[in-house]
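Notes follow the structure.
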Amino acid sequence: MVLEARIEELWRFEGQEVTLKGWLAHKRSSKRIHFLIVRDGSGFCQCVVYQPEVPAEVWERAERITQESALQITGLVRRDERQIGGYELGVRDLEIVHLTQGYPITPKPHGVDFLLDRRHLWLRSRRQWAIMRIRHQVVHAIHRFFDERGFLKLDAPIFTGNAVEGTTTLFETDFFGQPAYLSQSGQLYGEAMAMAFGRIYTFGPTFRAEKSKTRRHLAEFWMVEPEMAFFDLEMTMDLAEELVEYIVQQVLAHRRFELSLLGRDPEALERVRRPFPRITYTEAVEILRSPETQRMLRADEERLQAERAELEAEAEALRSERPAGEVRKGEIEHRLAEIAHRLSEIEEELKNIPLWMDSARNFRWGEDFGGADETILSRHFDRPVLVHRYPAAVKAFYMKRDPRDERLALGVDMLAPEGYGEIIGGGQREDDLDTLIARIREHNLPLEVYEWYLDLRRYGSVPHAGFGLGLERTLAWICGLKHVRETIPFPRMMGRLFP
RNA sequence: UCCCCGGUAGCUCAAUCGGUAGAGCAAGCGGCUGUUAACCGCUGGGUUGCAGGUUCGAGUCCUGCCCGGGGAGCCA
């Protein structure tokens with residue numbers, strides 16, 4: 001009786017014969033030995049086929065098998081320090097389940113366009129494997145966090161008749177002859193459910209028809225939105241902080257290997273411990289306009305220029321000297337490509353810095369922060385920062401005003417470090433009926449569609465608050481990715497609906 | 001909606017001033033006893049995004065369009 005094993009749990013079977021079922025991720029060969037890198041979804045494992053140790057037909061199959069062929073492989077689990085997981089399989093038998101021909105994604109570099117067109121296959125590669133495992137861990141952590149605190153997970157509808165904030169960024173659909181919009185936020189429904197169940201959270205897809213093509217945007221993304229009765233702004237900030245700390249620590253506890261595959265330095269994440277810095281919008285504006293910010297940006301500029309000079313020198317050396325022998329040619333080519341890529345990134349940043357310096361210096365109280373401003377603010381701190389009490393004019397109609405200063409709204413944003421931008425937005429909701437009606441009128445919104453929402457202020461209105469956390473932006477930050485599109489299995493963005 | 005960059009072999013990219021379209025990888029074949037994006041040799045592989053223009057001659061210059069990437073605005 002042969003044991004079936006998943007690669008993830010191979011360590012349990014050291015010295016035993018097991019069967020793996022999976023696909024061939026990669027193969028390296030010599031005359032009498034094949035190294036098969038097999039993946040089974042749970043991990044990757046090197047399987048060694050050594051000609052003198054296997055029957056002729058097994059050897060023949062190992063020679064024939066191609067990248068991404070499906071296979072069933074049996075062998076002895078043995079410890080091998082050279083392997084990433086620490087274990088490898090000494091192959092005794094190999095069955096081909098399906099022989100693949102012409103798999104398009106090779107272990108060599110590809111462009112984004114090519115890979116996105118083949119997202120259904122790209123998901124099989126190692127880097128995507130690591131990201132999706134972390135995505136699962138984050139989702140799991142979120143559910144566990146709220147469950148442990150007595151929240152109910154209840155869902156808001158996806159089709160909605162009323163817009164939360166303007167209609168320009170809504171996807172309109174035909175709902176049995178009536179216009180309906182794809183949800184931009186479950187918040188209003190979340191408030192209704194909080195009045196029924198005290199503490200709830202929604203977790204689902206949200207849709208934004210923003211014509212944005214940037215590394216921070218998706219047309220369809222997932223948002224977790226807790227909403228709590230009898231909560232004020234301070235309690236909400238406490239909860240947001242606790243949630244983000246918990247998510248990060250869970251990833252560190254369970255997905256260290258995946259982080260290392262992504263080249264993510266865990267130290268930046270280790271620092272994500274409460275308390276996070278909290279500043280008011282007004283303080284944030286002072287920081288932006290400060291000489292310290294100008295100094296910081298100038299230092300960044302100098303650092304980038306130094307790095308550019310260093311890389312250019314290294315590339316020059318690699319091109320001219322061509323050290324033969326111990327250094328492989330492929331390694332040099334790879335390093336040169338890496339340098340070229342980094343240099344183009346540096347060029348872009350160097351182009352941006354003067355613009356950022358201008359934008360920061362000239363920032364006026366009352367404006368909303370742009371992407372560059374958020375990046376600059378987050379660079380002043382080594383962990384996420386909470387910015388609260390924004391000018392009410394730039395925030396949504398449902399936000400409660402600060403009783404101590406009517407120009408301000410009791411709202412809060414959390415900015416991720418390292419320039420990943422806003423990952424949380426929320427605050428305390430307006431709970432007074434007449435004030436809310438006045439706000440709806442000020443924003444020129446149709447009162448009729450909000451009648452049900454106003455009922456929440458007519459019958460047992462209480463102070464309440466909530467926030468939304470964007471899953472993909474949070475993941476991009478935790479994984480250290482340049483773009484959010486890699487954090488979701490099938491990204492939907494402007495100009496990309498397939499696959 | 002606006003600004004910047006790009007589109008050349010299956011993939012990643014070269015091609016000087018406008019002058020014979022090329023390399024690496026992949027694929028196929030051969031070699032190599034432990035490889036870590038293996039390595040070495042050989043072979044096949046092209047409507048240079050599309051349409052028009054300038055020119056003796058266009059991948060290269062000009063005009064328009066299409067597609068993609070990055071950014072602004074807006075946002076999580």
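Chain A is the first sequence line, chain B the second, and so forth, proteins listed ahead of strands; every chain is numbered from 1.
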Whole angstrom value for the distance that separates [atom2] of [N] from [atom1] of [X]:
X	N	atom1	atom2	value
A/E210	B/U1	CD	P	16 Å
A/F203	B/A76	CZ	C1'	12 Å
A/L170	B/A76	CG	P	13 Å
A/R118	B/C11	CZ	C1'	9 Å
A/R28	B/G34	CZ	C1'	10 Å
A/E422	B/A76	CD	P	5 Å
A/K395	B/C74	NZ	C1'	12 Å
A/Q67	B/G28	CD	P	11 Å

Between [Y] and [X], is the closest basic N to carboxylate O distance under 4.0 Å?
X	Y	answer
A/R127	A/E486	yes
A/R199	A/E227	no
A/E63	A/K27	no
A/E430	A/K395	no

Say you pick atom [atom1] in [N] and the same atom in [M]; how far apart are they, in whole Å?
N	M	atom1	value
B/G41	B/A23	P	13 Å
B/G7	B/U47	C1'	15 Å
B/C25	B/C61	C1'	33 Å
B/A27	B/G10	C1'	8 Å
B/U60	B/C17	P	15 Å
B/G57	B/A21	P	15 Å
B/G22	B/U43	P	15 Å
B/C5	B/C74	C1'	23 Å

#### Entry: 5' precedence on RNA chain B between A/E88 and A/H110 (nearest-nucleotide basis)
A/H110

### Summary
Residue pair A/T106/A/K27 against RNA chain B: nearer the 5' end by closest nucleotide is A/T106

What contact category does [X] fall into here, base, sugar-phosphate, or nothing, at under 4.0 angstrom with non-hydrogen atoms?
X	result
A/R64	nothing
A/G102	nothing
A/L218	base
A/E472	nothing
A/F114	sugar-phosphate
A/E220	nothing

Nucleotide N/O of nucleotides 29-33 of chain B paired with protein N/O under 3.5 Å:
| unit_1 | atom_1 | unit_2 | atom_2 | d |
| --- | --- | --- | --- | --- |
| B/C32 | OP2 | A/K31 | NZ | 3.2 |
| B/U33 | O2 | A/Y50 | OH | 3.1 |
| B/U33 | N3 | A/Y50 | OH | 2.5 |

### Message
Contact list please: residues 129-139 of chain A against RNA chain B, heavy atoms, distance less than 4.0 Å, in numerical order.
### Response
none

Might you list the N or O atoms of the protein lying below 3.5 Å from N or O atoms in nucleotides 44-49 of chain B, with each pair's distance?
none

Does any donor atom in the side chain of [X] or [Y] lie under 3.5 Å from an acceptor atom in the other side chain?
X	Y	result
A/T487	A/H483	no
A/S378	A/E418	no
A/R144	A/Y246	yes

Please set out all donor-acceptor pairs under 3.5 angstrom arising from side-chain atoms of residues 43-60 of chain A, sequence neighbours excluded.
| unit_1 | atom_1 | unit_2 | atom_2 | d |
| --- | --- | --- | --- | --- |
| A/Q46 | OE1 | A/R28 | NH2 | 3.4 |
| A/Q46 | NE2 | A/E88 | OE1 | 3.4 |
| A/E60 | OE2 | A/R64 | NE | 2.7 |

### Query
Is there a donor-acceptor pair closer than 3.5 Å between any side-chain N or O of A/R473 and the backbone N or O of A/E422?
yes

### Query
Okay, side chain of A/S69, backbone of A/T100: is any donor-acceptor separation there less than 3.5 Å?
yes

Could you check whether [Y] and [X] have their ring centres less than 6.0 Å apart?
X	Y	answer
A/F381	A/F276	no
A/H143	A/Y201	yes
A/F35	A/H26	no

### Task
Would you list the pairs meeting salt bridge (Lys or Arg N to Asp or Glu O under 4.0 Å) in which at least one residue belongs to residues 358-381 of chain A, sequence neighbours left out?
A/D300-A/R379, A/D358-A/R361, A/R364-A/E367

### Message
Show me the pairs that pass salt bridge (Lys or Arg N to Asp or Glu O under 4.0 Å) and involve residues 489-499 of chain A, at least two apart or across chains.
### Response
A/D113-A/R496, A/D117-A/R496

### Message
With the six-membered base ring of B/G34 as reference, does the ring of A/F35 sit under 5.5 Å away with planes under 30° apart?
### Response
no

### Query
Using the rule for Phe, Tyr, His and the six-membered ring of Trp, do A/H217 and B/C75 stack at under 5.5 Å and under 30°?
yes

### Query
Which letter, B, S or -, goes with each nucleotide of nucleotides 67-72 of chain B from 5' to 3', with contact meaning a protein heavy atom under 4.0 Å?
-SBSBB

### Query
Under the salt bridge (charged side-chain N to carboxylate O under 4.0 Å, His left out) criterion, do A/R124 and A/E68 qualify, and how do the steps go?
CA-CA 9 Å; A/R124 301 179 182 194; A/E68 281 308 315; 2.9 Å; yes

### Task
Please report the shortest heavy-atom distance between A/T160 and A/S183, naming the atom on each side.
CG2-CB, 4.3 Å

### Task
Could you tell me whether A/R439 sits above the aromatic face of A/Y398, with NZ or CZ closer than 6.0 angstrom to the six-membered ring centre and within 45 degrees of the axis?
no

## Note on the structure
The side chain to side chain contact (heavy atoms under 4.5 Å, CB included) partners of A/M132 (sequence neighbours excluded) come to A/R119, A/L123, A/R135, A/P489

#### Entry: Test side chain to side chain contact (heavy atoms under 4.5 Å, CB included) applied to A/K31 - qualifying residues, sequence neighbours left out
none

#### Entry: Sequence neighbours excluded, every pair satisfying ring-ring contact (aromatic ring centres under 6.0 Å, His included) that has a member inside residues 204-227 of chain A
none

Please enumerate all protein N or O atoms sitting under 3.5 Å from an N or O of nucleotides 3-6 of chain B, with distances to 0.1 Å.
none

### Task
Only stems of 3 or more consecutive Watson-Crick or G-U pairs count here, both distances under 3.5 Å; name the ones for RNA chain B, or none.
B:1-7 with B:66-72, B:10-13 with B:22-25, B:27-31 with B:39-43, B:49-53 with B:61-65

